[in-house]
Amino acid sequence: MIAALWLFCRSHLDLGQNWSQSLEIRKGHQLVTDGVYRFIRHPMYASIWIWCLAQGLLLENGWPGGTLYWGLPSCILFAHLAKKR
């Protein structure tokens with residue numbers, strides 16, 4: 001969970017003045033390719049996924065963890081198959 005929080009905060013800091021709550025292009029808007037954006041295309045979304053995975057692994061109830069282990073590979077498989085079509 002700490003990694004997810006760090007990634008989320010770091011992505012906001014790396015965006016700097018380019019970040020806003022609403023989607024808009026401002027004067028002097030630039031594509032950010034430094035910091036975490038050098039390695040991850042959408043680090044804010046990645047941090048949310050990491051947060052969700054961590055919650056599933058940390059819960060004492062086995063149901064979310066089991067769903068995680070079966071659901072995530074299934075989503076990846078279906079996305080791969082859809083891409084082939």
Undergrad: Going by salt bridge (charged side-chain N to carboxylate O under 4.0 Å, His left out), name the pairs with one or both residues in residues 29-42, residues two or more places apart or in two chains.
TA: none
Undergrad: Within this structure, what is the NZ-NE2 distance for the pair Lys27 and His29, rounded to the nearest 0.5 Å?
TA: 15.0 Å
Undergrad: Identify, with sequence neighbours excluded, every residue that meets side-chain contact (heavy atoms from CB on, under 4.5 Å) alongside Leu7.
TA: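 Only Val36, Ile40, Pro43, Ala46, Ser47, Ile50 meet the side-chain contact (heavy atoms from CB on, under 4.5 Å) criterion with Leu7.
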Undergrad: Who passes ring pair (Phe, Tyr, Trp, His ring centres under 6.0 Å) against Tyr37, sequence neighbours left out?
TA: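 Here no residue qualifies.
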Undergrad: Please say yes or no: joined through hydrophobic side-chain contacts below 4.5 Å, possibly via intermediate residues, are Met1 and Leu5 part of one cluster?
TA: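 Yes; Leu5 is reachable from Met1 via cluster members.
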Undergrad: Hydrophobic clustering (ILVMFWY, side-chain heavy atoms < 4.5 Å, transitive) - are Tyr45 and Phe39 grouped together?
TA: no
Undergrad: What residues join Leu31 in its hydrophobic cluster, counting side-chain heavy atom gaps under 4.5 Å, either direct or through other members?
TA: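 Other cluster members: none.
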Undergrad: Suppose we screen for salt bridge (Lys or Arg N to Asp or Glu O under 4.0 Å). Which residues come up paired with Arg26, at least two apart in sequence or across chains?
TA: Glu24
Undergrad: Just how far is it from atom CG of Asn18 to atom CD1 of Ile25, taken to the nearest 0.5 Å?
TA: 10.5 Å
Undergrad: Please answer: with hydrophobic residues joined when any side-chain heavy atoms are less than 4.5 Å apart, are Ile2 and Leu53 in the same cluster?
TA: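 In one cluster with Ile2: Leu53, no.
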Undergrad: Count the heavy atoms of every other residue, nucleotide or ligand shown that sit under 6.0 Å from CG of Leu77, and state whether that count exceeds 12.
TA: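 It does: Leu77 CG has more than 12 such atoms within range.
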Undergrad: Suppose the criterion is side chain to side chain donor-acceptor pair (under 3.5 Å): which pairs have a residue in residues 7-16, not counting sequence neighbours?
TA: Arg10-Asp14, His12-Trp19
